[in-house]
Amino acid sequence: MTETPPPPNYPPNSAWTEPEIHVHFAPEPAEESRWDFSWIQPWTNTWTATLAFVPASLWASVIHDVHEVQSLGGAWFMAGAGLAIAVARFVQKRSWPRRTLVWIAVLGAFLSLPVFSTLVDVMTGGAR
């Protein structure tokens with residue numbers, strides 16, 4: 001009962017022809033890298049940092065005024081808030097004006113605040 005019936009015996013001049021089977025294999029997609037460094041864009045960062053230097057000096061003067069009038073903590077808060085807002089806007093949409101805002105915030109903080117001595121104080125636990 002498990003035998004299969006023989007194939008039908010078609011006459012040689014019938015309309016039936018032997019089917020042609022085409023097998024197409026799609027190429028496997030390239031393995032994605034775990035690390036996405038496409039956001040770095042060195043040349044874009046270079047010219048946006050250059051473009052941001054003059055506004056960054058203005059932002060640095062504002063932070064310096066806060067440091068002189070209020071305190072160093074207030075200046076750090078102001079610089080950190082500006083950087084946080086700029087980075088949040090940059091993450092929403094990566095464009096060169098928003099990248100320039102990030103550079104303005106970073107350069108303004110580095111131009112006006114004692115970044116390196118503060119890092120040493122935080123890392124060593126020392127205070128002056």
Side-chain angles (χ1 to χ4, degrees):
M1 296 306 269
T2 59
E3 294 180 22
T4 57
N9 189 9
Y10 292 111
N13 293 331
S14 71
W16 184 83
T17 57
E18 185 73 28
E20 293 181 20
I21 299 173
H22 297 280
V23 179
H24 298 280
F25 292 103
E28 292 184 16
E31 187 175 313
E32 292 185 16
S33 174
R34 291 182 56 185
W35 308 102
D36 181 20
F37 293 114
S38 64
W39 58 273
I40 294 176
Q41 301 176 352
W43 291 112
T44 306
N45 278 325
T46 301
W47 73 269
T48 53
T50 305
L51 183 68
F53 191 74
V54 171
S57 62
L58 297 174
W59 176 241
S61 68
V62 170
I63 295 172
H64 179 71
D65 289 343
V66 171
H67 173 88
E68 293 296 321
V69 174
Q70 300 297 322
S71 67
L72 182 60
W76 273 107
F77 178 80
M78 184 117 171
L83 181 61
I85 290 169
V87 167
R89 298 295 292 171
F90 177 67
V91 169
Q92 287 175 353
K93 181 182 178 193
R94 293 181 177 168
S95 62
W96 72 267
R98 293 182 181 188
R99 187 180 302 262
T100 306
L101 285 176
V102 171
W103 275 109
I104 289 170
V106 168
L107 290 174
F110 271 86
L111 289 172
S112 64
L113 296 173
V115 176
F116 296 112
S117 61
T118 304
L119 282 175
V120 169
D121 289 346
V122 168
M123 291 174 22
T124 60
R128 296 179 212 197

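Sequence positions, counted from 1, serve as the residue numbers for this chain. Note that this is a predicted model, so its numbers are computed, not measured. All heavy atoms count here, side chains included; hydrogens, waters and symmetry mates do not.
- Residues S112 and H64 approach most closely at CB-N, 4.2 Å, considering heavy atoms.
- Put simply, V102 and V62 are part of the same group of oily side chains (I, L, V, M, F, W, Y) that touch within less than 4.5 Å, one to the next.
- Taking every heavy atom of both residues into account, A60 and L111 meet most closely at CB-CB, 3.7 Å.
- Here the closest non-hydrogen pair linking L113 and L72 is CD2-CD1, 4.1 Å.
- Cluster annotation: L83 and F116 are assigned to the same hydrophobic cluster (Ile/Leu/Val/Met/Phe/Trp/Tyr, side-chain heavy-atom contacts under 4.5 Å, transitive).
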Show your working on side chain to side chain donor-acceptor pair (under 3.5 Å) between Q41 and R99 and close with a plain yes or no. CA-CA 11 Å; Q41 301 176 352; R99 187 180 302 262; 3.0 Å; yes
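- Residues A109 and V115 share a closest heavy-atom pair of O-CG2, 3.8 Å.
- When all heavy atoms of W59 and G82 are compared, the pair lying nearest together is CZ2-CA, 4.3 Å.
- To the nearest 0.5 Å, atom OG1 of residue T100 and atom CH2 of residue W47 are 6.0 Å apart.
- Residue T50 holds its OG1 atom at 9.0 Å from CG of L107, rounded to the nearest 0.5 Å.
- Scanning both residues, A79 and I63, for their nearest heavy atoms gives CB-CD1, 3.7 Å.
- Here the side chain of R98 pairs a donor or acceptor atom with the backbone of R89 at under 3.5 angstrom.
- Interatomic distance, W96 CH2 to L101 CG, rounded to the nearest 0.5 Å: 10.0 Å.
- The CH2 atom of W103 sits 9.0 Å away from atom CZ of F110, with the distance rounded to the nearest 0.5 Å.
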